[in-house]
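Hydrogens, waters and symmetry mates play no part in the numbers below; they use all other heavy atoms, side chains included. Everything numeric in this text was worked out from a predicted model, so none of it was measured.
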Amino acid sequence: MRRAVYPGSYDPVTNGHLDIIERAANVFDEVVIAVLINKSKTTLFTVEERTEMLRDVTSHLANVRVDSWYGLLVEYCKQHDIKVIVKGLRAVSDFDYELQMAQMNQQLSGVDTLFMPTSPTYSFLSSSLVKEVAKYGGDVSHLLPPQINDQLLKRLAERA
């Protein structure tokens, strides 16, 4: 079985993330979306909320499952017998950082990284940018699944 992990913070999940997830699901027998827990990051949604949002928006993909992880991603891969990490690349600046990470992961564990270029439609998109625009009243509904947009607006209203 060809298995891959697609790691991220997904705070919140965007249409760009979904594009990579759906494309990876066409390549691998199983794709695990790993919601990474980074204690140094301040997130808008809890790990549980992000995990549930991802389960909701990927429920149509039979070979995709969602999990969470705190620690080195390669340790997750080792524990779950995953040989490939999928990373979406938006720009050359992503590549510089992700290449170093991929080489470190391969050196540490033998796990390889598959880089998928994002669709040009989403090449500018990041969760941080979406949150910033939405916080100031900008319409980001076309960048998120509808239910995620609703949850984002609700959370921002709660925090206002």
Side-chain angles (χ1 to χ4, degrees), residues 1-38 41 43-77 80-106 109-134 140-152:
M1 178 183 273
R2 295 171 307 157
R3 301 174 74 214
V5 63
Y6 180 44
S9 59
Y10 306 105
D11 187 46
V13 58
T14 69
N15 288 340
H17 292 128
L18 285 177
D19 174 58
I20 297 294
I21 293 165
E22 289 172 350
R23 289 168 48 213
N26 286 328
V27 174
F28 295 96
D29 297 316
E30 181 181 44
V31 176
V32 179
I33 304 167
V35 179
L36 300 181
I37 302 164
N38 183 343
K41 268 190 175 183
T43 58
L44 193 57
F45 296 98
T46 67
V47 172
E48 294 78 15
E49 288 170 328
R50 289 178 278 150
T51 300
E52 190 54 41
M53 285 190 274
L54 280 157
R55 285 187 180 122
D56 183 29
V57 299
T58 61
S59 62
H60 66 287
L61 300 168
N63 63 331
V64 172
R65 69 180 178 87
V66 182
D67 202 356
S68 60
W69 181 255
Y70 176 76
L72 289 176
L73 181 61
V74 293
E75 289 300 318
Y76 183 89
C77 292
H80 294 87
D81 194 32
I82 295 174
K83 305 290 186 216
V84 178
I85 298 168
V86 172
K87 298 296 284 210
L89 295 179
R90 296 170 294 200
V92 173
S93 57
D94 286 348
F95 181 75
D96 289 340
Y97 173 77
E98 293 297 349
L99 179 62
Q100 289 179 343
M101 188 67 77
Q103 291 170 331
M104 178 62 83
N105 288 337
Q106 210 286 325
S109 66
V111 174
D112 284 313
T113 300
L114 172 70
F115 295 123
M116 285 188 136
T118 59
S119 167
T121 305
Y122 306 118
S123 63
F124 65 93
L125 188 54
S126 73
S127 294
S128 299
L129 186 57
V130 164
K131 288 185 291 192
E132 186 73 14
V133 171
V140 295
S141 60
H142 60 292
L143 304 173
L144 303 168
Q147 64 270 48
I148 304 302
N149 184 63
D150 293 345
Q151 288 177 283
L152 175 61

### Task
Please report the closest heavy-atom contact between Ser9 and Val35, naming both atoms and the distance.
O-CG1, 4.0 Å

### Query
Does some side-chain heavy atom of Asp11 sit less than 4.5 Å from a side-chain heavy atom of Arg50?
yes

### Message
To the closest 0.5 Å, what do you measure between CD (Glu98) and OG (Ser93)?
### Response
10.0 Å

### Task
Measure the spacing between OG1 of Thr121 and CG of Asp19 and express it to the nearest 0.5 Å.
8.0 Å

### Task
Work out which heavy atom in Val64 is nearest to a heavy atom in Ala25; give both atom names and the distance.
CG2-CB, 3.9 Å

#### Entry: Minimal non-hydrogen separation, Phe124 against Leu129, with atom names
O-CD2, 3.6 Å

#### Entry: Nearest heavy-atom neighbours spanning Arg90 and Ser123
CB-O, 3.2 Å

### Task
Decide yes or no on side-chain contact (heavy atoms from CB on, under 4.5 Å) for Val27 and Met116, but give the supporting numbers first.
CA-CA 11 Å; Val27 174; Met116 285 188 136; 4.3 Å; yes

### Query
Is any side-chain heavy atom of Cys77 closer than 4.5 Å to a side-chain heavy atom of Ile85?
yes

### Query
Roughly how far, to the nearest 0.5 Å, is CE of Met1 from CD of Glu30?
5.5 Å

### Message
To the nearest 0.5 Å, what is the distance between CG on Leu114 and CZ on Phe28?
### Response
5.0 Å

### Query
With a 4.5 Å heavy-atom cut-off, do Thr113 and Met101 have their side chains touching?
no

### Task
May I ask you to decide if Val32's main-chain N or O and Arg3's side chain share a donor-acceptor pair within less than 3.5 Å?
no

### Query
Are more than 12 heavy atoms from other residues, nucleotides or ligands located less than 6.0 Å from atom OH of Tyr70?
no

### Query
Any side-chain heavy atom of Leu54 sitting closer than 4.5 Å to one from Ile21?
yes

## Note on the structure
In terms of heavy-atom contacts, Phe45 and Glu49 come closest through CA-OE1, 3.3 Å

### Query
Can you name the nearest heavy-atom pair linking Asp112 to Gln106, along with the distance?
OD1-CG, 3.3 Å

### Step-by-step side-chain contact (heavy atoms from CB on, under 4.5 Å) determination, Leu144 to Val130
CA-CA 9 Å; Leu144 303 168; Val130 164; 3.8 Å; yes

### Nearest-0.5 Å distance that lies between atom CG in Asp56 and atom CE in Met53
9.5 Å

### Message
Between Asp29 (side chain only) and Asn63 (backbone N and O only), is there a donor and an acceptor less than 3.5 Å apart?
### Response
no

### Tyr122 vs Thr14 side-chain heavy atoms within contact, under 4.5 Å
no

### Between CG on residue Asp94 and OG1 on residue Thr118, distance to nearest 0.5 Å
8.0 Å

### Message
Counting C-beta onward and ignoring hydrogens, is there a side-chain heavy-atom pair between Glu48 and Thr51 closer than 4.5 Å?
### Response
no

### Query
How about Ser126 and Lys131: do any of their side-chain heavy atoms sit closer than 4.5 Å?
no

### Query
His80 vs Tyr76 aromatic rings, parallel, tilted or perpendicular, using cut-offs 30° and 60°?
parallel

### Within-4.5 Å side-chain heavy-atom neighbours: Asp96 and Gln100
no

